[in-house]
Amino acid sequence: MRPAPPAFLFATGIENSNPRIQGGQLRVDEMERCGHYDRWREDFALVQELGLTFLRYGPPIHRTLLGAGRHDWDFADATFGELHRRDIVPIVDLCHFGVPDWIGDFQNPDFPALFADYAGAFARRFPWVQLYTPVNEMYICALFSARYGWWNEQLATDRAFVTALKHIVRANLLAMEAVLKVRPDAVFIQSESTEYFHAECPAAIGAAEARNQERFLSLDLNYGRRVDSGMYEFLMDNGLTRAEYHFFLANSPLKRHCIMGNDYYVTNEHLVHEDGSTRASGEVFGYAVLTGQYHDRYGLPVMHTETNLRDDNEGDAERWLWKQWANVLRVRNDGVPVVGFTWYSLTDQVDWDTALREANGRVDKVGLFDLDRRIRPVGRAYKRLVEQWRDVLPAQSLCLQVPIVMPSAYEGEDLPEAYWARQAARRRGG
């Protein structure tokens, strides 16, 4: 008998951002900075200590994808073998803000096809994996890399932004198709930033409206929804061709395999000034209001896929956790099918106070555990929340349960022989 999957997806994640900065000279590898390469066994044990079954996780693409059709699976074999053994369900994040050096950056038109090949190769090697986020935060990745000039190509033009965006979303769609050929029941949980732009004054209304249309671009293209008229002109003026636009519209059937994962932080709402510049406004509408806007647009089940707050003052992170959870319950009570919630990430992070633009080595105290793997108060609070709510929510569900197959439902003979032989060799070697 197959093990019954949890009815609600309580999750955390291992931060695996890996963009390049300083003109491409420095790779920001959060798995390395946070100690995961050395402590992954301990990290997976901590996931279970919290009572969690789901983990946003992925192999470092820059270490795994060595060339077209060339892969180093050693680390993925070890870590995903351990996830399988522990029956932890990974939501596999294959591209998190960076690409291998040999691909270059998101301006490279070869990236979508190369990434799709990589996604297909991963799915064949780990056919027990069912849940995927092929490309994390597509809008933010394009924005920070190609309009703000912070990461990767470090460009700052609308044309570079549109180029990055179309390549990133195309890569996501092609990767979904490649995975579905291996795993027809795969489910794709988009993790995308939930944004809103508030006009500071009447003169800023036009700029704010444009940004509030632009925030939907990645998901519009990904789900095959016709973009707003102003955004259509913007895309065409900045290099998107009619053929490319119709490619995105033609892939709308993939939407039925998707859950709209959305991320919300205190920095996700913005104040727009008269000159079009922006700054963080802090929480104004909040997660429930913005998620309602996104759900009205796409009509998909929702998962809250990222949130955290730096615990600079005692209790700040715990209060933010309960506020986000209250918003999730509000969204569910309003009739939106919310299927999961995530505190991101398992451990503290490094240098996100500058959005990874600077290599200062400053620790962000946003984790459920610190970098010495000592539980934080918010970690204890999240553990209590999961214990209290995981058996209550199914009885109040507003949608069918996500059809998840647990890793343990796959027996050894269902996996590639070489994969299990490698795992056995690793166990023998200690």
Side-chain angles (χ1 to χ4, degrees), residues 3 5-6 8-18 29-61 63-64 72-94 96 122 125-133 136 189 191 305-306 308 340-350 366-376 378-380 382-383 385-387 390 404-410 412 415 419-420 422-430:
F8 191 83
L9 284 63
F10 283 110
T12 187
I14 304 294
E15 162 62 333
N16 66 333
S17 298
N18 50 54
D29 186 338
E30 284 290 287
M31 279 187 164
E32 180 177 43
R33 291 180 171 197
C34 300
H36 180 71
Y37 290 137
D38 297 321
R39 305 181 73 167
W40 53 269
R41 290 182 180 86
E42 184 179 359
D43 288 345
F44 296 160
L46 294 178
V47 172
Q48 291 187 308
E49 180 182 312
L50 293 168
L52 301 175
T53 306
F54 297 89
L55 180 69
R56 290 197 58 207
Y57 187 73
I61 188 173
R63 293 186 175 205
T64 308
D72 180 349
W73 296 116
D74 282 359
F75 185 70
D77 282 350
T79 52
F80 279 87
E82 181 70 1
L83 291 173
H84 185 276
R85 186 185 72 80
R86 290 180 176 273
D87 214 19
I88 294 173
V89 180
I91 304 170
V92 179
D93 183 347
L94 291 175
H96 202 121
F122 179 92
R125 193 165 188 90
F126 306 99
W128 57 271
V129 172
Q130 183 188 15
L131 306 183
Y132 286 85
T133 301
N136 173 74
I189 303 176
S191 176
T305 38
E306 280 188 29
N308 67 45
F341 175 77
T342 312
W343 183 275
Y344 196 86
S345 54
L346 180 72
T347 68
D348 290 347
Q349 302 168 13
V350 179
V366 297
L368 299 168
F369 295 83
D370 66 22
L371 292 183
D372 291 322
R373 275 52 179 182
R374 295 173 301 201
I375 195 166
R376 289 195 175 279
V378 71
R380 288 191 287 270
Y382 192 34
K383 183 176 182 179
L385 188 154
V386 173
E387 289 173 348
R390 64 185 166 197
I404 293 169
V405 179
M406 297 297 290
S408 57
Y410 272 78
L415 292 162
Y419 172 79
W420 290 109
R422 187 185 297 273
Q423 292 307 310
R426 283 186 177 276
R427 288 192 293 273
R428 288 194 299 271

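What you are looking at is a predicted structure, and each value in this text was computed from that prediction instead of being measured.
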Can you tell if the side chain of [X] reaches within under 4.5 Å of the side chain of [Y], non-hydrogen atoms only?
X	Y	value
Pro6	Arg390	no
Ser191	Tyr344	no
Thr305	Asn136	no
Thr12	Val47	yes
Glu15	Val350	no
Glu32	Arg63	yes
Asn308	Gln349	yes
Ile88	Tyr57	no

Of the non-hydrogen atoms in [X] and [Y], which two are nearest, and what is the gap between them?
X	Y	result
Phe341	Tyr382	O-OH, 3.3 Å
Met31	Pro60	SD-CD, 4.1 Å
Asp87	Thr53	O-CG2, 4.0 Å
Pro59	Thr64	CB-OG1, 3.8 Å

- Per the side chain to side chain donor-acceptor pair (under 3.5 Å) rule, which among Asp348, Thr347, Asp370 passes with Arg376? Asp348

- Task: Verify side-chain contact (heavy atoms from CB on, under 4.5 Å) between Ile189 and Leu9, making sure each step is shown before the conclusion.
- Result: CA-CA 11 Å; Ile189 303 176; Leu9 284 63; 4.2 Å; yes

- Query: Testing Val89, Val92, Val405 for side-chain contact (heavy atoms from CB on, under 4.5 Å) with Leu131, which one passes?
  - Reply: Val89

- Message: Show, in sequence, the C-alpha distance, side-chain angles and deciding distance for Ile14 and Ser345, and conclude whether the side-chain contact (heavy atoms from CB on, under 4.5 Å) test is met.
- Response: CA-CA 6 Å; Ile14 304 294; Ser345 54; over 6 Å; no

- For Ile375 and Leu368, run side-chain contact (heavy atoms from CB on, under 4.5 Å): C-alpha distance rounded to whole Å, both residues' side-chain angles, the deciding distance at 0.1 Å, then the answer. CA-CA 6 Å; Ile375 195 166; Leu368 299 168; 5.8 Å; no

For the pair [X] (side chain) and [Y] (backbone), establish whether a donor and an acceptor sit closer than 3.5 Å, ignoring hydrogens and angles.
X	Y	value
Glu30	Ser17	no
Trp343	Val366	yes
Lys383	Gly51	no
Asp93	Ile91	no
Arg373	Leu371	yes
Gln48	Arg86	yes

- Check: Arg56/Thr342 side-chain N/O donor and acceptor closer than 3.5 Å: no

- Query: Taking Phe80 as the fixed residue, which of Trp73, Trp40, Phe122, Phe75 is the one that meets the ring pair (Phe, Tyr, Trp, His ring centres under 6.0 Å) rule?
  - Reply: Phe122

- To the nearest 0.5 angstrom, please state how far the CG atom of Asp38 sits from the NE2 atom of His36. 10.0 Å

- Task: Give a yes/no verdict on a cation-pi contact between Arg85 and Phe44, requiring under 6.0 Å between NZ or CZ and the six-membered ring centre and an angle within 45° of the axis.
- Result: no

- Task: Check the pair Leu83, Trp128 against side-chain contact (heavy atoms from CB on, under 4.5 Å), reporting the backbone distance first and the verdict last.
- Result: CA-CA 11 Å; Leu83 291 173; Trp128 57 271; 4.2 Å; yes

- Query: Sequence neighbours excluded, which residues qualify as ring pair (Phe, Tyr, Trp, His ring centres under 6.0 Å) partners of Phe10?
  - Reply: Phe8, Trp325

- Message: Among residues at least two apart in sequence or on other chains, which ones pass side chain to side chain contact (heavy atoms under 4.5 Å, CB included) with Asp72?
- Response: Leu66, Asp74

